[in-house]
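Heads up, the thing below is written out as structure tokens.
Positions are given from 1 along the sequence. Note that these values count all heavy atoms, side chains included, but never hydrogens, waters or copies made by symmetry. In this text, all values refer to a predicted model and were calculated from it rather than measured experimentally.
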Amino acid sequence: MAKITLIGAGSVVFAKNLISDILQFPELSDSTIALMDIDPARLETARVMTERVIRKLGVKARVEATLDRRKAIAGANYVICTIQVGGYKPGTVIDFEIPRKYGLLQTIGDTLGVGGVFRGLRTIPKILEISRDIADVGAPGCTFLNYTNPMAMLCMASDKAVGVPMVGLCHSVQGTSQQLANYAGLDYKHVTYRVAGINHMAFFLDYKYRGQDAYPLLFNLLNDPSFNQDKVRFEMMRRLGYFVTESSEHQSEYNPHFIHFGKDVISKFDVPIDEYLRRCESIIATWKKAEAELIGDDGDITVNPQTHEYGSFIIHSMETNTPRVIYGNVPNTGLITNLPDRCCVELPVLVDAQGLQPTHIGDLPPQLAAICRTNVNVQELTVEAALTGKREHIYHAVMTDPHAAASLPLDKIWAMCDDLIEAHQKAGLLGDYAPTIANTGRALAGTGDKVIASLEPVKTVTAITGRPITFELTLVNQGAKPFAGKLAFVSDAGAVPVKGGAVSVKVAAGTTVTKRVTLTPVAAETLSIRAVCADARMLGRDYVFNAPRIVAVPAAGQTVPVEIEFMANKLLKGDLTVKGANLEVTGRIIDTDVKVQDGAPWDASVVELFVRPAQGATNTSQTFLLPRVKGATVLDRALKPSKAATFKVKIDKGGYDFVLKADLTKLGVKKPSDGFYLDFIVGAGALGDAHGACRVGWNGKTNSHAAFTHYALVTVGA
């Protein structure tokens, strides 16, 4: 005598079908049916309904009902799960209403997409509790039969975290096989098929009628203007060559090819937006009527013939050693060889007294494997989020979802997920998740919880002489906890004395603190100095000083080379000379996508020229040189045309040759013979055939406007 437990027995209409299916097998008619639900009223309805089914069938089965899940599972041979965590309200309503505010529309939202992700997040913890109870108190070999969505995510999570014998059951394979027979006008009893893939995205690899390929009959329907059924699925068959198992409303949100294109495409393919909300509301509205039909005052109940649901057949086959092939969702242990290992796959499963024995499929057609993998990505990341508690994987799951990715930019996806997490937690449907760096996909712990300490001299440093230098110390606390500690300072030569000794700091969570410190590093031509602390949360950013590079230009008319390299390419290669007050540079710049942007020249093809006197004046001149044949080619820092320089170019498909002539006196250098500081930044629209845009400085930096200490010092003559 088997003990069969139903978790979520309050879904009484479905529970009635399962129970009557089971008890109509004579070999199972003396089973113990254990019912469990969290709703006492619905549990009582399920108990009364089950007793009436037992009486109607005249069998010796017995029924137990309990609110205690562990008690219901104790000693069970089979556990059937039909739970819905969060219910229609608040769970499903949250899943639909918040994404809709962001412009993301859904149809069903229970298996994939943002709705599927959040249903998975709130359901996986309960599935794991059931799985652990099965492992702890279920009978040896107790088999978990799951009917709850999102099927693949739940089965994958249970397999990864617990590992009890489990199969996910859906009616889409057998239901769709009958639909196709109806569409094609075939006698279903002569139809055979072979299906494989993932739940709700498995494909009929074979569909035969009396042993012959029946696909020509299905493709012929594409040419029939009067045939308007299942538009999304037939469109996918047209493009992929195979028919998918789950409905058109589901498929429209598993793929990026439909909903987000707007109302015209939605209308063309009859996509029912918010369909699941309507179904839930209809079921709720008819619940009282259904309850009255199940446990009416007359004490009678109607028992229908066995349905095509697999649950009862699995139990019967395992109890009686009657071999059967069902379609189930199981771990991919090399069964479909071009889908990821241990993802959840749907395929034929032999069932007998030996239990569940999945069929080896091999490779799916490559286009089917590819489209399945887009869904598996979301499933795996959702499971990872649920099992690890890492919030960043929630964002990752939604950003890789095909429909969400096609509908929303990344910042909207992040904001939508934040709203959904907050709403779920407020409703008690989600626990805590480890925080991330704000608006990123990186965990706060270990990376984003760092306190970053930076040093910058208060005054320009031109040499390290061994004299005290005053720095501004900036500490940014990115973490969620306050930081307090004592800071010391070190260089490559060892500890650096600090005026007043160790520096004590306190930085509240999410805030920035600055203070001045006076350090006395030893004399050196180069210096690398940073703050250190015993607290490992603090990360010191080095202040680096290098003695200025000196470029000695010989007598007037002679040249020195100028080169800027980027990713092993000579981005700029030219020659520099100084004649009196005139600076001249000739050369070539690689740029295979020359484009100019007047309002923000630094974002396009440009040469930025920086000049500063070696002595006296303290201002740095910045000039933008634009590579175009006509129009203004030289702009000053205010983006106004400048006559301080000329910039002539000859553009070809590989870049441009240029001649730059600048009047140093107009750029603030009154006496060029005393020397001057010089820097270039080159921006290119594209570098060769393999690299995109780049922006690189002569000195390797891109912040020349902020500090001139890394400029080259140009000297002229002997």
Side-chain angles (χ1 to χ4, degrees), residues 105-108 111-113 170-186 188 191-210 212-273 275 327 336 338-339 345-347 361-378 401-407:
L105 304 179
Q106 300 174 90
T107 57
I108 305 296
T111 297
L112 205 75
C170 181
H171 48 253
S172 62
V173 173
Q174 60 269 47
T176 297
S177 66
Q178 294 178 21
Q179 275 184 293
L180 291 178
N182 291 337
Y183 291 154
L186 304 176
Y188 184 64
V191 168
T192 57
Y193 51 85
R194 186 171 66 104
V195 173
I198 61 174
N199 182 239
H200 286 193
M201 198 177 271
F203 294 87
F204 284 85
L205 305 180
D206 297 313
Y207 192 76
K208 295 182 178 180
Y209 183 66
R210 296 184 181 272
Q212 290 186 298
D213 183 12
Y215 259 113
L217 299 174
L218 300 178
F219 276 94
N220 190 53
L221 292 171
L222 297 174
N223 302 318
D224 182 353
S226 66
F227 182 79
N228 292 303
Q229 302 297 312
D230 242 335
K231 290 181 179 179
V232 173
R233 284 204 284 179
F234 272 97
E235 179 69 6
M236 294 302 288
M237 183 190 76
R238 182 198 302 273
R239 308 303 175 181
L240 295 173
Y242 296 86
F243 203 85
V244 71
T245 51
E246 190 49 83
S247 65
S248 282
E249 55 266 36
H250 278 278
Q251 293 308 309
S252 67
E253 62 184 9
Y254 299 165
N255 297 289
H257 313 296
F258 299 97
I259 297 174
H260 90 279
F261 284 104
K263 60 183 181 181
D264 290 343
V265 173
I266 290 171
S267 176
K268 176 181 178 181
F269 289 98
D270 294 337
V271 178
I273 302 301
E275 175 65 16
Y327 276 87
I336 299 180
N338 53 356
L339 289 183
V345 291
E346 188 168 55
L347 39 67
I361 297 295
D363 275 1
L364 291 177
Q367 72 275 26
L368 305 187
I371 203 164
C372 285
R373 283 194 293 267
T374 68
N375 284 218
V376 172
N377 293 335
V378 183
D401 172 67
H403 177 43
S407 301

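Taking the six-membered ring where the residue is Trp, the centroids of Tyr183 and Phe227 are separated by under 6.0 Å.
Across His200, Glu246, Glu253, a single residue satisfies side chain to side chain donor-acceptor pair (under 3.5 Å) together with Thr111, and that is His200.
With a 4.5 Å cut-off on side-chain heavy atoms, Cys372 and Leu339 count as touching. Under the 4.5 Å side-chain criterion, counting only non-hydrogen atoms from C-beta, Cys170 is not in contact with Val173. For the pair Ser172/Glu346, a side-chain contact is recorded, criterion being any heavy-atom separation below 4.5 Å from C-beta on.
In this structure Phe203 satisfies the ring pair (Phe, Tyr, Trp, His ring centres under 6.0 Å) test with no other residue, sequence neighbours excluded. With sequence neighbours excluded, no residue forms a ring pair (Phe, Tyr, Trp, His ring centres under 6.0 Å) with Phe261. By the ring pair (Phe, Tyr, Trp, His ring centres under 6.0 Å) test, His403 pairs with no residue at all, sequence neighbours left out. In terms of the salt bridge (charged side-chain N to carboxylate O under 4.0 Å, His left out) criterion, residue partners of Arg194 (sequence neighbours excluded) are, by chain and number, Asp206. Residues satisfying the salt bridge (charged side-chain N to carboxylate O under 4.0 Å, His left out) test with Asp363, not counting sequence neighbours, are none.
Neither side chain, Ser177 nor Tyr207, offers a donor N or O lying under 3.5 Å from an acceptor on the other.
Side-chain N or O atoms of Tyr327 include one that pairs as donor or acceptor with a backbone N or O of Val195 at under 3.5 Å. Within the 3.5 Å criterion, the main-chain N or O of Arg373 finds a donor-acceptor partner in the side chain of Asn377. Between the Thr107 side chain and the Glu249 main chain, a donor and an acceptor come within less than 3.5 Å of each other. A donor-acceptor pair is defined here as one N or O able to donate and one able to accept, closer than 3.5 Å; no such pair exists between the side chain of Ser407 and the backbone of Ala404.
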Identify every side-chain donor-acceptor pair in residues 237-244 under 3.5 Å, counting partners at least two apart or on other chains, and give the distances.
from: Arg238; atom 1: NE; to: Glu235; atom 2: OE1; distance (Å): 3.2
from: Arg239; atom 1: NE; to: Glu235; atom 2: OE2; distance (Å): 2.9
from: Arg239; atom 1: NH2; to: Glu235; atom 2: OE2; distance (Å): 3.0

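In this structure, His171 places its NE2 atom where only 12 or fewer heavy-atom neighbours from other residues, nucleotides or ligands lie under 6.0 Å away.
Summarising the geometry, atom CD1 belonging to Ile259 is positioned 8.0 Å from atom CD belonging to Gln106; distances are rounded to the nearest 0.5 Å.
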